[in-house]
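Data block below; observations after.
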Amino acid sequence: MPQIQLLTRTRIGGEVTRIRFQNPDTGFCVFDILSNDEKEITACGVVPGCAEGQTLEADGHFEKHETFGLRFRISEARIVPPSTTAGIERFLRFQVSGIGPKMAAAIVRHFGKETIQILDLYPGRLCEVPKIGKRKAQAIAKAWKSSRDSREDLIFLQGLGLTPAYCQKLLRCYGERTVEVVRANPYRLAEDINGIGFLKADAVARELGFAADSVERMSAAVVFTLNNMISEGHVCSPVEELLRRTAELSSQSENVVKSGLDSAVERRLLFIDNGYCYTPYLLLAESRLPHIIAKLAGCRDFSGRKLGRISPRGDLVLDELQMQAVQAVFSHPLTIITGGPGVGKTTVIGEIVRRAKSARVKLALAAPTGRAAKRMGESSGVEAKTLHRLLLFDPSTGKFTYDSSNLLKCDLLIVDEVSMLDIILAYQLFQAIPQGCSVVLVGDADQLPSVGAGRVLHDLMRSGFFHVTRLTRIFRQSAGSQIIVNAHRVNEGKLPEKKVAQNDELLDFYWIEQDDAERSAELIGKLVTERIPQRFGFDPMSEIQVLCPMNRGSCGTAALNEQLSAVLNAQAAESFQFGSRVFKLGDRVMQTANNYDKNVFNGDLGSIVAIDRSRKHFVVAFENSRQVEYAFDDADQLNLAYAITIHKSQGSEFPAVVIPLLTQHYMMLQRNLLYTGMTRARKLLILIGSAKAVEMAVKNIRMRPRYSQLPARLKELG
């Protein structure tokens, strides 16, 4: 630990001349200040909104730091108007938009030390300054007022406990009405600002004196609780369950919570249908989707019929189930092909694509993620798009170009990795499909359900509207892979088998029995950084992926990402900090929320390719080579991705995968979780876990229920 010697407590004042370091989330910064007695001082502490050109008064003490030397540690700081003409001139240049060096000098030359008072009280006098006309004077006065109001708003918001990063988001969202909006109903923050949930808004409301049982609080709590349930995969909630959970969250009675639910329904934030509570768009999607599917399924003149006229490929041998899957396309308008790894789903897709091209049927291929679309395109020889790209998402409007009023131009649509399809994306897709278009959905029904709301693939398979073919035979070329064999064993309720390597034989599956979390984390570090690259030649920065059951714990994604980034990317040239997290140039990252403005989506993987500290911006290159620019404040949408959860890995494949599966993960140990993780590995899978933990996962086939009325709505129309 560095030694720090504390010196006498005192007060300093002066002008900020250089920002050395600034954390936008906490407000902590290190900067140089030119004191009023012309001394250069390095200061550090929490000074929200600190910027070059500002004049500060600060209380604190000097300290002698073993590493950083003499510096002033701030306990409290205040922004004050500059007192010298030189300070005023610099303040105008740095703090007021539209005022450059020459104009700042001219204004101060004319008004001298009274400049600040003139701008506050008599801004019209700016016309007295040579070469400043009435229009320019009005623009400067407006910019000055905006700058002053922003500083005052910032002080007010930070006084409520909001971090500088969230303050900036509020100011961007509400503009000059920020303080008015927050005072009137701080719970709006949870509705409008990404990252501010009910708990943060509730803390602000308490600072403003809102009652614990106020209708505003209860309404926000109900919406927050339902959105939490949606993030767990539910499409809706029984009203009784929603009231119970919200009462537990808010420490109020269910009767009090009911007033908040009534208010949310009255404001059309929520809707109640048949005893279930929905957000508006989820109700729209769930209620309309069955009607769209029923209409497509009822079509008797569908394009897939044309494929039946094409002869099978002479050199292609399909088993009985594979042939049924192909033939179903020209006998049913809607079909589903499901099955585990190695059972020939790709072969079936290839034959359907070949016949469609021969029949001159206009074909479209798609998948939920970029990785899945790329694999689909490579295996079929036809370009496959992500669903967002297929439907032409427009970030400027937040809508898809193809919808119910502008249908897709295709006769046969094949969608892969449909286990990832949530109800929102399913609705967006099906409403854009033209009548008579044949639809083929391909996916593994035994994988985890979608990260988003619903269990769409399961519900559609049981709806009666789709012809379902389940492929089961593992083919010879796949039977040699221990990854595939063991994935199927797990899916059948059996433990994976360990094969003993002969001499220097390289296997594709290893199971290292270990249940100590700290030792497992250490082992993962060595495997990723040394053993796998040396033995198998995989690049740890791009080809090896750690998949975890959970985020928390020493073998969770958070701890492992910190550990792996520190070793694999130790020599990064640039970095920045957001909250407690550090992002470095070259770091692997994952988008954790849909951002329609940037056209990036939950689960997209990429790496940081540029950091601009002066503009507080950074750039991420995603796997489709598209580069996206973020402000530092937007880093809450990203996580490091050296280790990701198995849930987030859906739709992706990686050359090498390492999975820790320990008894400490007991809350998450399920068969479909382990099966999904195993099927993400293409060439190498290393499982780290005790036999007890693996057995717990294999035996646990209980599916967590997801509230949805989609099965009932489909059945009603069937």
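Side chains included, hydrogens not; waters and symmetry mates left out as well; all remaining heavy atoms used.
Qualifying salt bridge (charged side-chain N to carboxylate O under 4.0 Å, His left out) partners for Lys699, counting only residues two or more places apart in sequence or in other chains: Glu695. Partners of Tyr707 according to the ring-ring contact (aromatic ring centres under 6.0 Å, His included) rule, which considers only residues two or more places apart in sequence or in another chain, are His234. Ala384 is linked by a side chain to side chain contact (heavy atoms under 4.5 Å, CB included) to Leu365, Ala373, Met376, counting only residues two or more places apart in sequence or in another chain. Scored by the salt bridge (charged side-chain N to carboxylate O under 4.0 Å, His left out) test, Glu522 finds Lys526 as partners (sequence neighbours excluded). For Glu518, the side chain to side chain contact (heavy atoms under 4.5 Å, CB included) partners two or more places apart in sequence, or in a different chain, are Asp516, Ser554. For Glu497, the salt bridge (charged side-chain N to carboxylate O under 4.0 Å, His left out) test picks out Arg489, with sequence neighbours left out. Residues satisfying the salt bridge (charged side-chain N to carboxylate O under 4.0 Å, His left out) criterion with Glu232, sequence neighbours excluded, are Arg245. Scanning for side chain to side chain donor-acceptor pair (under 3.5 Å) contacts around Thr676 gives an empty result, with sequence neighbours left out. Partners of Ala212 under the side chain to side chain contact (heavy atoms under 4.5 Å, CB included) rule, at least two apart in sequence or in another chain, are Arg217, Gln252. Remark: Pro549 pairs with Leu661, His665, Met668, Leu673 by the side chain to side chain contact (heavy atoms under 4.5 Å, CB included) rule, at least two apart or across chains.
The ring-ring contact (aromatic ring centres under 6.0 Å, His included) pairs that include a residue from residues 547-573 number zero, where partners must be two or more places apart or lie in different chains. Residue pairs meeting the side-chain hydrogen bond (donor to acceptor under 3.5 Å, both in side chains) criterion with at least one partner in residues 450-459, sequence neighbours excluded, are Arg455-His458, His458-Arg462.
Among Leu560, Asp587, Val582, the one residue that satisfies the side-chain contact (heavy atoms from CB on, under 4.5 Å) test with Ser565 is Asp587.
A salt bridge links Arg375 with Glu417: the closest approach of a Lys/Arg side-chain nitrogen to an acidic carboxylate oxygen falls below 4.0 angstrom.
Inter-residue side-chain proximity for Tyr642 and Met541 is flagged as met; some heavy-atom pair is nearer than 4.5 Å.
Taking the six-membered ring where tryptophan is involved, the planes of Phe618 and Phe632 are tilted, since the angle between them lies from 30° to 60°.
Stacking of Lys498 on the aromatic ring of Tyr510 is not recorded, the 6.0 Å distance cut-off and the 45° axial limit not both being met.
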